[in-house]
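Have a look at the structure below, then the notes.
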Amino acid sequence: MQLTLEFGGGLELLCESVKVHNVNIDLPKGADKLTMRYLLSWVRTDLIKERPEMFMKGESVRPGVLVLVNDCDWELTGQLDTTLEEKDVVVFISTLHGG
Amino acid sequence: MQPNGDDVARIRREIEALKDTKASIEHKIAVLEAQLQQHQSDDVCNGSCPPISAVDANLANGLSADSVYRYSRHLLLPSFGVEAQSNLLKSSILVVGAGGLGSPALLYLAACGVGRLGIVDHDMVELNNMHRQVIHTEAYIGQPKVKSAAAACCAINSTIQIVEHKEALRTSNALEILSQYDIIIDATDNAPSRYMISDCCVVLGKPLVSGAALGLEGQLTVYNYKGGPCYRCLFPTPPPTTACQRCSDSGVLGVVPGIIGCLQALEAIKIASAVGEPLSGRMLLFDALSARIRIVKIRGRSLQCEVCGENTTFNQQYFKDFDYEKFTQSPLSTSPPKLNLLAADSRITSKEYKERIANGEAHVLVDVRPEHHYRIVSIPNSLNIPLASLEARLPEVSSALKEEQEHNGTVSGANLYVICRRGNDSQRAVQCLHKMGFDLAKDIVGGLESWAHDVDPNFPMY
């Protein structure tokens, strides 16, 4: 499944400072759909190069990270159970405090 | 025609006389304004907003002749017009922080005719603020930001009321200060302040225009507006302190907070004038490098929210007693942390280090700052190995020590010193070096900051 993953607010530093990643992810064996839960574990093992604890806590993202599926807060789409479709855009953004 | 000598003397006298009259009139105005301010602050009671008296009730549209002329381009806008401008003139807005975000926000809010404009800040203007905090001028370096910002606002629009709150916002004064305004703008730069301001707005029922900027990115949203989410609905748990970067560490392109600050002014103007759709339940994400603005839909008010949720017990007293520094594990001020990780015999001062150089001691100085910091300025003959890659590059330390020992022909071996910007990372590096067998590694207390302060006053600091 082709997805666009974007990292911002400093999270891009965890994947070699590249903000936009066009990825192709195989469905997990025996599954007929791809959920955010699976995508997070995939990002953790296949995309993130350093300090995974700055991205994840438990099986979800760490506090202070917003997850947006097609420009919509994942709280509104089912969080970890959100089902992804072909060509979806998933954004991971760390909240900023500077000013 | 040339005036003769008598004429020149007469004109000079007349100018002097007029200047005297002007000074006396200005003094009278200042006294009257002080009286007016006193009356208005006397009106503030029980957290209610005192009325704005700038509007002349005798005019049908509530605007004086001067106001009509000053704000004419607003009045000409069919979707804004007299009513919105009149609302604006009757509104009061508080800007917390007169820094990178607050600077442009304040300039526009003063210019557009907000009736009463409050400024909270406890900081002084510094040279390294000037590239982004565009409200301040060089003449105010070393003076309070509040004073500088108020003077700039007053110079743009002397017809509005500007209130200076020259103090840090704390749970002890926040309720009293925020209660005097209709709309709050969060233009601060740290996590505990953001939680504190949001909670205070919920308790007082005030809309909050929240902006943030760092590096080349900015974020903007409106909290606690007409049943919309508050900051805690979105971020119930504070992020780890390592995820909270500061402009003074990570850098910020000056125009980025400028853009977000302007947008904060815009959102506040929309709420104050009751025009348009405020950015509530949505968040604006700005990426300067790719020139992209993305507006995303965010969750609504959370029923489980500790502060604004259904069964909340959070009230004014709870707010006053809440420890925001403990909650977020970071200080309300932006001063950098001062770690003390090492035993005294594993540390030397910058002055001692200077003496050791002067005595020709065989040693290697490792600078563990990131490479782009090292490129700004460094101590000659130091070896740059950023902390993040130190473990992998230990062989470079070993060979540098060996080379130095051979070069100096000492038997006892070369010493190993570690420096960074402020003396925190250098301690972490020495801990790592001790663990890896470099038992004699020492850090230089206070880093390059202390070197510039105690040894070489001409050393550039950033």
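In what follows, chains carry the letters A, B, and so on, assigned in the order in which the sequence lines appear, proteins first and then strands, with residues in each chain numbered from 1. These numbers come from a predicted model, not from an experiment.
Of the two parts of A:I93, only the side chain, counted from C-beta on, holds a non-hydrogen atom closer than 4.5 Å to a non-hydrogen atom of chain B. Only the side chain of B:L285 has a heavy atom closer than 4.5 Å to any heavy atom of chain A. The contact between B:R299 and chain A is made by backbone and side chain atoms together, counting heavy-atom distances below 4.5 Å. Both the backbone and the side chain of B:T242 come within contact range of chain A, each with at least one heavy atom under 4.5 Å from a heavy atom of that chain. Contacts between A:L13 and chain B at a heavy-atom distance below 4.5 Å involve the side chain alone, from C-beta outward. No part of B:D186 comes within reach of chain A, as not one of its non-hydrogen atoms sits under 4.5 angstrom from that chain.
Comparing B:G102, B:A212, B:G261 by heavy-atom pairs within less than 4.5 Å of chain A, the highest count is held by B:A212. Comparing B:G100, B:A191, B:A187, B:G211 by heavy-atom pairs within less than 4.5 Å of chain A, the highest count is held by B:A191. Heavy-atom pairs under 4.5 Å with chain B were tallied for A:L11, A:N70, A:L68; the largest tally goes to A:L68.
Within the 4.5 Å cutoff, no side-chain heavy atoms of A:H21 are placed close to those of A:T4. Counting heavy atoms from C-beta outward, B:V252 and B:R132 have side chains that approach closer than 4.5 Å. The closest side-chain heavy-atom distance from B:L178 to B:C201 is below 4.5 Å. Within the 4.5 Å cutoff, the side chain of A:K19 has heavy atoms near those of the B:D287 side chain. Proximity of B:R294 to A:E6: side-chain heavy atoms (C-beta onward) are separated by under 4.5 Å at one or more points.
Here B:Y324 and B:F322 bring their ring centres to under 6.0 angstrom of each other.
Within residues 42-60 of chain A, the residues having any heavy atom under 4.5 Å from a heavy atom of chain B are, by residue number, A:M54. Residue-level contacts of residues 229-241 of chain B with chain A, in order of numbering, are B:Y231, B:L234, B:F235, B:T237, B:P238, B:P239, B:P240; threshold 4.5 Å between heavy atoms.
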